[in-house]
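One structure below.
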Amino acid sequence: MSMEIAARLVEIALNKGAEEAEAYVRMSKKLTIEVKDQAIDSLDSSVTAGYCIRVIKDRRLGFSYSTDFNNIAVTAENAIEGTRYSEPDDYLGLPHTPPSISSENGVKVFDNRIASLSESDAIEYTLAIEKSALKEDIRIKKVRKASGNFSSSNTYIANSRNIKAEYASTACSAHVMAVAEQDSESQMGWDYQGSRFLKEISFEQIGRNASRRALDLLGARKISSLRGFILLDNSISSEFLGLFSAALSAESVQKGKSMLAGKKGEQVLSERLSVKDSGLIDNKLGSRPVDDEGVSTSEKTLIENGVLQCFLYNTYTAKKDGVRSTGNAIRGGYTGLPSVGATNLYLEPVSKEHVTNFKGLVENVDRGVYVIETMGMHTANPITGEFSVGVSGLWIEKGQISYPVKEAVVSGNILDLFKNVIMVGDDLRFYGNIGAPSLLIENIDISG
């Protein structure tokens, strides 16, 4: 029925004078639970459905959205009316690909266990996070923000250039922060897991991991300033890659807001690293058969052996640069126009020569810090790449972990950070749609 609505919206818009038209329909069900002291602290359950239409007329853009499925003609008329008030733009246009793309086209993004999950079972899963965190050690005194998120959705896209795409998807994620206390000191640790499949989430393990992180930091000391090694936990590598990801958007480049502008074909990271983006990895939160314009997703290498190869594009930015969309159009929902964003963006080692396990990474550190927590990452400049962030972690000396570290500061430029990677861990892990392994980095300024 919803694909019929999308097709009907396009038909109405064309009949009323639009030269091109696109309809986007999304229906979703979400359940978010937070627990405290083995009881429900908050529960938010919602079902939403809405649609939008984008039209082009006389090189002008019009857009409108609604939740009233009995009033699609008025919504289409509003979009066309909107073209009267927008500026002409030669780069406007809609994509065209083979029609009839569905969720059966390869990538696994739908789990019936999540779609049919009862509220009581979802609560039990979330309670298990807190329970396992508290059981880990007597020094774990409390748990903050133990939460579970469960959702399912159906997406339908149709346009006047022969696209008809639809798919069903699910998502599940869990997050917790645990607090360890000893004498007058307290430390926090966290963990997160997310997937499109329930079987890939270990709610008990999330709680245990958060508690262990907090326990590891008890007894933290300050260190003297130095220039040395930092070993980034895969969660911290993912944070830096998330900051870096904005620079890979063609939209940012075209607006002059990317640190990678003008650097295509240049060495921008360590030659030991490549960066890929793929919407076709089974189970991952960023995966989907098509992007939010109905263009097929794919795997593409953005940075190869440290050399910048290409950027991420939607249809509009691709037309500006005279290239094809990479299938990276994203929307925040049916209320907005598509922008550019990653599907699943991840760091990958170029060869096995510089890859080792965690023990091997530590053994290669003369003096430095294993970073397991950052503070102030939001203050980093995504345009220049400059950053100065507080870090907590473990001091490493002569290949051995010695003691916890607090109130240290790591500063520099994100491009230099990634250029100075000398070894890569064998522990690639995704946090949301961003994935990275642990990274050993040399010649970094660490302030005590």
Side-chain angles (χ1 to χ4, degrees), residues 187 189 212-213 216-244 267-275 303 305-306 346-377 379-380 385-429 431 434-448:
Q187 295 286 353
R212 289 170 188 167
R213 283 175 179 252
D216 283 345
L217 291 173
L218 286 173
R221 315 178 201 171
K222 291 186 177 183
I223 57 171
S224 300
S225 298
L226 73 151
R227 189 170 179 85
F229 292 92
I230 56 171
L231 171 55
L232 300 183
D233 183 79
N234 53 20
S235 64
I236 307 305
S237 301
S238 295
E239 281 192 66
F240 276 108
L241 181 59
L243 175 67
F244 180 69
Q267 189 91 27
V268 294
L269 307 183
S270 165
E271 62 185 13
R272 298 178 170 90
L273 296 175
S274 292
V275 176
I303 298 174
N305 291 44
Y346 60 101
L347 276 172
E348 185 177 76
V350 170
S351 71
K352 294 181 180 179
E353 182 182 356
H354 301 287
V355 177
T356 186
N357 57 22
F358 180 74
K359 184 174 181 290
L361 293 172
V362 173
E363 288 174 347
N364 276 276
V365 177
D366 179 36
R367 296 175 75 239
V369 178
Y370 170 43
V371 180
I372 59 176
E373 185 70 62
T374 64
M375 291 138 284
M377 186 69 81
T379 65
E386 298 297 320
F387 67 89
S388 180
V389 296
V391 301
S392 300
L394 304 173
W395 177 253
I396 305 172
E397 190 156 359
K398 296 181 180 178
Q400 297 289 328
I401 291 176
S402 300
Y403 52 83
V405 170
K406 66 178 179 180
E407 298 176 18
V409 175
V410 172
S411 57
N413 184 280
I414 195 166
L415 291 178
D416 293 334
L417 183 85
F418 284 131
K419 280 181 181 178
N420 288 338
V421 170
I422 58 170
M423 297 198 77
V424 181
D426 60 0
D427 56 352
L428 171 65
R429 182 177 171 185
Y431 292 83
I434 303 291
S438 298
L439 298 174
L440 179 58
I441 305 168
E442 64 180 358
N443 296 326
I444 299 297
D445 289 321
I446 308 168
S447 303

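Note that the coordinates shown come from a computational prediction; the quantities given were computed from them, not determined experimentally.
For F229, there are no ring pair (Phe, Tyr, Trp, His ring centres under 6.0 Å) partners two or more places apart in sequence or in a different chain. Annotation: side chain to side chain contact (heavy atoms under 4.5 Å, CB included) contacts of E271 (sequence neighbours excluded): Q267. For K398, the side-chain hydrogen bond (donor to acceptor under 3.5 Å, both in side chains) criterion is met by no residue, not counting sequence neighbours. With sequence neighbours excluded, the residues forming a salt bridge (charged side-chain N to carboxylate O under 4.0 Å, His left out) with R429 are D191, listed by chain and number. Applying the salt bridge (charged side-chain N to carboxylate O under 4.0 Å, His left out) test to R367 and every residue at least two apart in sequence or in another chain returns nothing. With sequence neighbours left out, the side chain to side chain contact (heavy atoms under 4.5 Å, CB included) criterion links S225 to S447. Among residues two or more places apart in sequence or in another chain, the side chain to side chain contact (heavy atoms under 4.5 Å, CB included) test is passed with V355 by P349, V424, D426. With sequence neighbours left out, the salt bridge (charged side-chain N to carboxylate O under 4.0 Å, His left out) criterion links K352 to no other residue. Checked against side chain to side chain contact (heavy atoms under 4.5 Å, CB included), A380 has the following partners two or more places apart in sequence or in another chain: L243, F387.
In this structure, NZ in K222 is found 6.5 Å from NZ in K406, a value given to the nearest 0.5 Å. Between atom CD1 of residue I230 and atom CG of residue L417 there is a gap of 5.0 Å, rounded to the nearest 0.5 Å.
Although no hydrogens or angles enter the test, the distance criterion places a donor-acceptor pair under 3.5 Å between the side chain of S274 and the main chain of N305. Not one N or O on the side chain of S238 forms a donor-acceptor pair closer than 3.5 Å with the backbone of Y431.
Sorted by first then second residue, the side chain to side chain donor-acceptor pair (under 3.5 Å) pairs that include residues 412-421, not counting sequence neighbours, are E386-N413. Among residue pairs with one or both ends in residues 225-234, those qualifying as salt bridge (charged side-chain N to carboxylate O under 4.0 Å, His left out) are R213-D233, R227-D445; sequence neighbours excluded. Pairs of residues two or more places apart, or lying in two chains, that qualify as salt bridge (charged side-chain N to carboxylate O under 4.0 Å, His left out) and include a residue from residues 353-366 are K359-E363.
The closest side-chain heavy-atom distance from V409 to S388 is below 4.5 Å. Looking only at side-chain heavy atoms (C-beta outward), F240 and I414 come within less than 4.5 Å of each other. Contact annotation: the side chain of Y403 approaches that of I223 to within less than 4.5 Å [non-hydrogen atoms, C-beta and beyond]. Residues L415 and F244 form a side-chain contact, since some pair of their non-hydrogen atoms from C-beta on lies under 4.5 Å apart.
S438 pairs in a side chain to side chain contact (heavy atoms under 4.5 Å, CB included) with only one of the listed residues (N357, D427, L428), which is D427.
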**Study point:** Working for side chain to side chain contact (heavy atoms under 4.5 Å, CB included), residues F418 and L439
**Key:** CA-CA 9 Å; F418 284 131; L439 298 174; 3.8 Å; yes
